Peer 1: 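First the structure, which I've put down as structure tokens, then a few questions once you've had a look.
It should be emphasised that the depicted structure is a prediction, and the values quoted were computed from it without experimental measurement. A note on names: the letters A, B, ... follow the listed sequences, proteins ahead of strands, and every chain is numbered from 1.
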Amino acid sequence: MSPVACASSAGSRCLAASRILRAAAGRCVPFQHSVVPPRPALWAPAVAVAAGQPAEPSGLRGGSLRTHCSSCPPGAAGSHQQQDYFTITTPLYYVNAAPHMGSAYPTIAADVASRFQRLLGKRVRFLTGTDEHGEKIAAAAEKRGMTPQAHCDDIVAQYTDLWGKLDIRFDRFVRTTESRHAALVVDVLGRCWERGDIYAADYEGWYCVDCEEFKDEKEMVALDGEAQPRGCPTHRKPCQHRKEANYFFRLSKYSKEIEELLSRDDFVQPASRRNELMSYVREGLRDFSISRAAVDWGIRVPQDPKHTVYVWFDALIGYLSGLLPEDVAPATSAVPAHGWPASVHVIGKDILRFHAIYWPGMLLSAGLPVPQKVYGHGFLTKDGLKMGKALGNTLDPQALVSTYGSDAVRLYFMKEIIFGQDGDFSEGRFRDVVNAALANNLGNGLNRTLNLLAKFHDSAVPLDSASLPADLPLRQLAAEKLPAAAAAYGSLSFHEAAEAVLALASRSNQYLEETQPWTKLKKGTDEEKAEAAAVLVAVLEAVRCVAVGLAPLTPGLSRRIYAQLGYSDAQFEAITWADSAWGGLQAGHRTAEPAPVFVRLEAPEDAAAAAAAAAAKAAPPQPSKKQLAKQKKAEQKAKQAAEAEAAAAPVTAP
RNA sequence: GGCGGCGUAGCUCAGCUGGUCAGAGCGGGGAUCUCAUAAGUCCCAGGUCGGAGGUUCGAGUCCUCCCGCCGCCA
């Protein structure tokens with residue numbers, strides 16, 4: 001079972017794995033719903049909301065809104081040529097357990113996309129939240145000796161806590177237990193009903209009491225002494241033949257529209273996802289059940305209070321209810337004025353069908369536009385293996401972010417895994433690639449340059465970066481790479497965006513080696529010293545561009561780079577994508593006291609010991625020759641430094 | 001079983017509309033430097049492009065079969 005969006009084993013749901021009730025025999029998913037008191041929607045913690053006003057993302061506060069960005073390529077998804085808003089959603093995560101990497105991954109991606117769109121000046125609505133209905137919730141709560149509501153509240157707190165640690169800046173956090181959500185579900189259902197798209201029909205199939213689930217005939221196994229396969233494969237107990245009345249949604253009525261939708265290049269992405277959906281549609285869309293009579297708690301169907309709304313119908317509408325501000329009555333007609341249709345639903349590939357087929361059908365029935373895009377990202381593995389508690393292979397995002405920090409986690413998953421493809425996490429590789437990019441390349445490059453500026457120019461920028469020649473290779477590379485990064489961000493190609501921006505940092509280090517300003521600054525002529533000063537400005541300006549370019553991916557690091565360059569937090573908060581263009585650093589500007597902006601990642605001791613022990617089994621641990629040589633050099637350096645210090649004149653404290 | 005996707009250096013990937021008989025990053029090895037975060041820079045090694053056939057002057061790239069992995073559907 002897919003680890004993404006759902007770490008649990010088969011049968012669990014997080015807008016995932018579970019199968020939807022359909023008119024065909026043998027398909028059913030049980031769920032339970034707890035009717036809970038109304039609760040306010042959670043707002044993003046960073047945003048202070050004035051009474052009666054919708055929340056605004058803090059990133060834009062104080063910044064000027066721009067209507068055009070020269071860095072932005074024409075036609076890019078989410079670009080200015082399209083609407084002036086940007087609505088992005090993650091799945092509404094199932095709160096049967098604490099968040100796992102499978103939910104953190106798409107949330108990070110949505111946050112990166114949101115931050116980029118905010119830098120462009122868009123009115124961004126980043127919607128995430130939780131789906132709190134279902135029998136698994138009740139079971140998990142009971143197991144913990146808690147009410148379902150208390151359980152949900154606790155898990156939701158863990159989600160928001162983790163999102164805070166991962167620098168997730170959502171605008172809306174919707175919970176499907178909110179009364180406003182229920183009200184909108186009822187309203188949407190009413191519209192579909194009036195349209196004639198809901199009808200009563202019997203659903204029958206084989207039911208396992210222990211699973212609380214209907215079984216497909218193929219799934220069942222033959223029990224002892226029986227010829228016919230009628231047993232639950234999990235519990236090995238006889239399934240009961242059940243027939244119950246349900247309400248069904250007339251999805252088949254919208255087959256043509258949905259097939260046309262799926263034929264579009266830009267609706268379902270990546271392109272490989274479309275094929276399986278087209279195959280599914282061509283088999284003929286069948287109506288699906290949207291109610292359950294057997295489940296006591298849930299949103300009551302007003303037209304027949306013996307029924308509660310089936311959880312998929314309910315949860316998908318969270319994308320609508322979550323957009324509505326508190327002061328707006330929960331009505332379907334209000335939704336288009338508040339960021340609908342969504343620009344992109346970011347989802348795991350395992351729940352594509354619900355988002356690309358059922359959801360559009362529901363929306364068409366309710367008279368609402370469909371989302372602009374559904375992006376099915378790939379699955380994650382760890383050390384090449386599927387993740388899952390049952391498999392004993394888990395990746396705890398809380399532990400990861402606590403150990404290594406938000407920027408490292410975000411960069412790895414965005415840069416090293418191609419969004420849309422499956423990807424792997426291994427801790428050694430994680431440290432290596434993050435260190436290489438952020439500590440050794442970018443961080444050291446900035447530090448060495450700031451130290452030179454401090455030493456030879458008292459941290460004052462000697463000239464305008466805009467005055468540097470337009471044909472300066474570093475400047476030209478910036479002019480090439482930052483627009484490329486913008487295009488990549490717009491296409492949700494985060495690894496390409498990261499590579500494009502970081503290429504500028506790499507080139508900066510090369511440029512320093514080519515020009516060796518430290519030599520010229522020490523011993524050069526006045527002209528040579530001026531040239532060297534220009535090199536420092538060029539490199540610092542390039543790093544400033546990199547900071548803006550990386551801001552969606554590594555907001556904390558970018559902020560620290562800006563601080564090191566002498567800018568205030570307010571100045572950082574006010575940046576726009578236009579600031580990624582060359583020319584921001586001005587003569588006279590003072591940089592801060594040099595300090596590392598990214599501390600290299602080290603293996604935790606226990607983990608390192610465990611890794612060493614594991615490696616010892618496979619092969620004797622041996623430090624590489626390079627490492628030994630490096631240690632030796634370090635010792636020599638320390639010795640030389642001590643000797644030099646002893647011989648040098650006393651140094652005046654700054 | 002049907003359909004679809006994938007298999008390229010130790011790892012992660014590009015190339016994949018036929019033509020320097022394969023590249024990048026990370027890791028590894030060597031050299032060099034000391035402005036700097038045990039960093040930087042330069043150089044090098046690593047490839048049966050899953051396997052076997054075929055088409056072609058020429059195939060990682062097109063066709064067939066087989067093997068393995070993943071996804072969807074029954």
Peer 1: With heavy-atom distances below 4.5 Å as the criterion, would you say the side chains of A/N509 and A/R448 are in contact?
Peer 2: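 A side-chain contact under 4.5 Å exists here.
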
Peer 1: What residues from residues 500-525 of chain A pass a heavy-atom cutoff of under 4.0 Å to RNA chain B?
Peer 2: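 Result for residues 500-525 of chain A: A/S506, A/N509, A/Q510, A/E513, A/W518, A/K522, sorted by number.
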
Peer 1: Nearest 0.5 Å, please: how far is CD in A/E427 from CG in A/L395?
Peer 2: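 Answer for the CG-CD pair, A/L395 versus A/E427, is 8.0 Å.
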
Peer 1: Taking only the side-chain heavy atoms of A/F379 (C-beta and beyond), determine which of B/A39, B/G71, B/U37 contains the nearest atom.
Peer 2: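 The answer is B/G71.
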
Peer 1: Around atom CG of A/D266, are there more than 12 heavy atoms from other residues, nucleotides or ligands closer than 6.0 Å?
Peer 2: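 Above 12, so yes.
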
Peer 1: So that I can tick it off, tell me whether A/E276 and A/K349 are bridged by a salt bridge, with the cut-off set at under 4.0 angstrom between side-chain N and carboxylate O.
Peer 2: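 Between A/E276 and A/K349 there is no salt bridge, as every charged N stays at least 4.0 Å from the carboxylate O atoms.
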
Peer 1: Between B/U12 atom P and A/F413 atom CZ, what is the distance in whole Å?
Peer 2: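 A/F413 atom CZ is separated from B/U12 atom P by 14 Å.
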
Peer 1: Output the single nucleotide from B/A39, B/C26, B/A36 whose closest atom is nearest the side chain of A/N447.
Peer 2: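 Of B/A39, B/C26, B/A36, B/A36 is nearest to the side chain of A/N447.
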
Peer 1: Once you apply a heavy-atom cut-off of 4.0 Å, does A/F598 come out as touching a base, just sugar-phosphate, or nothing?
Peer 2: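 Touches a base.
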
Peer 1: Just N and O in the side chain of A/R286: are any of them under 4.0 Å from OP1 or OP2 of B/A74?
Peer 2: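 True: A/R286 side-chain N/O within range (under 4.0 Å) of B/A74 OP1/OP2.
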
Peer 1: From NE2 of A/H495 over to P of B/C26, roughly how many Å is that when rounded to an integer?
Peer 2: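 Rounding to the nearest Å, NE2 of A/H495 and P of B/C26 are 16 Å apart.
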
Peer 1: Any strand is fair game: report the nucleotide pairing with B/A59 by Watson-Crick or G-U wobble, both distances under 3.5 Å, or none.
Peer 2: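 No nucleotide pairs with B/A59.
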
Peer 1: Would you mind classifying the nucleic acid contact of A/D424 as base, sugar-phosphate or nothing, using non-hydrogen atoms under 4.0 angstrom?
Peer 2: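 Since no nucleic acid heavy atom lies under 4.0 Å of A/D424, the category is nothing.
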
Peer 1: Rounding to an integer number of Å, can you tell me how far A/D422 CG sits from B/G68 P?
Peer 2: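 To the nearest whole Å, that distance equals 20 Å.
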
Peer 1: Rounded to the nearest angstrom, tell me the gap between atom CG in A/L380 and atom C1' in B/G71.
Peer 2: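 After rounding, the reported distance stands at 15 Å.
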
Peer 1: In terms of ring plane angle, is the pair A/F430 and A/F425 parallel, tilted or perpendicular, where the classes change at 30° and 60°?
Peer 2: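 Ring orientation of A/F430 relative to A/F425: tilted.
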
Peer 1: Rounding to a whole Å, what distance do you find between A/Y280:OH and B/A74:P?
Peer 2: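 After rounding, the reported distance stands at 6 Å.
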
Peer 1: Could you tell me whether the side chain of A/Q269 reaches within less than 4.5 Å of the side chain of A/K373, counting heavy atoms only?
Peer 2: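 Contact flag for A/K373/A/Q269 side chains = yes.
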
Peer 1: Should A/Q421 be listed as having a side-chain N or O under 4.0 Å from OP1 or OP2 of B/A14?
Peer 2: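 True: A/Q421 side-chain N/O within range (under 4.0 Å) of B/A14 OP1/OP2.
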
Peer 1: Can you check the A/R273 CZ to B/C70 C1' distance for me, whole Å?
Peer 2: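 After rounding, the gap between these two atoms is 10 Å.
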
Peer 1: What is the nucleic acid contact for A/I418, judged by heavy atoms within less than 4.0 Å: base, sugar-phosphate only, or nothing?
Peer 2: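 Sugar-phosphate only.
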
Peer 1: So A/E499, base contact, sugar-phosphate only, or nothing? Heavy-atom distance under 4.0 Å.
Peer 2: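 Answer is nothing: A/E499 stays at 4.0 Å or more from every strand.
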
Peer 1: Look at the side chain of A/N451 and the base of B/A36, then say whether one donor and one acceptor between them are separated by less than 3.5 Å.
Peer 2: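 Absent.
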
Peer 1: Can A/R544 be said to sit on top of A/Y562's aromatic six-ring, NZ or CZ under 6.0 Å from centre and within 45° of the ring axis?
Peer 2: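 No, A/R544 does not sit over the ring of A/Y562.
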
Peer 1: Is B/G25 paired to anything, Watson-Crick or G-U wobble with both distances less than 3.5 Å, and if yes, which nucleotide?
Peer 2: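 Here B/G25 is engaged in a pair, and the nucleotide opposite it is B/C11.
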
Peer 1: Identify whether any heavy atom of A/V597 sits under 4.0 Å from a base atom; if not, whether one sits that close to sugar-phosphate; answer base, sugar-phosphate or nothing.
Peer 2: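 If one applies the 4.0 Å heavy-atom cut-off, A/V597 turns out to touch a base.
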
Peer 1: Does OP1 or OP2 of B/A39 have a side-chain N or O of A/R600 closer than 4.0 Å?
Peer 2: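 For B/A39, OP1/OP2 do have a side-chain N/O of A/R600 under 4.0 Å.
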
Peer 1: Side-chain N or O of A/K415 versus OP1/OP2 of B/A24: is the shortest distance under 4.0 Å?
Peer 2: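 No, no such contact exists.
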
Peer 1: When you check the gap from the basic side-chain N to the acidic O, do A/D458 and A/R590 get nearer than 4.0 Å?
Peer 2: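 A/R590 and A/D458: salt-bridged.
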
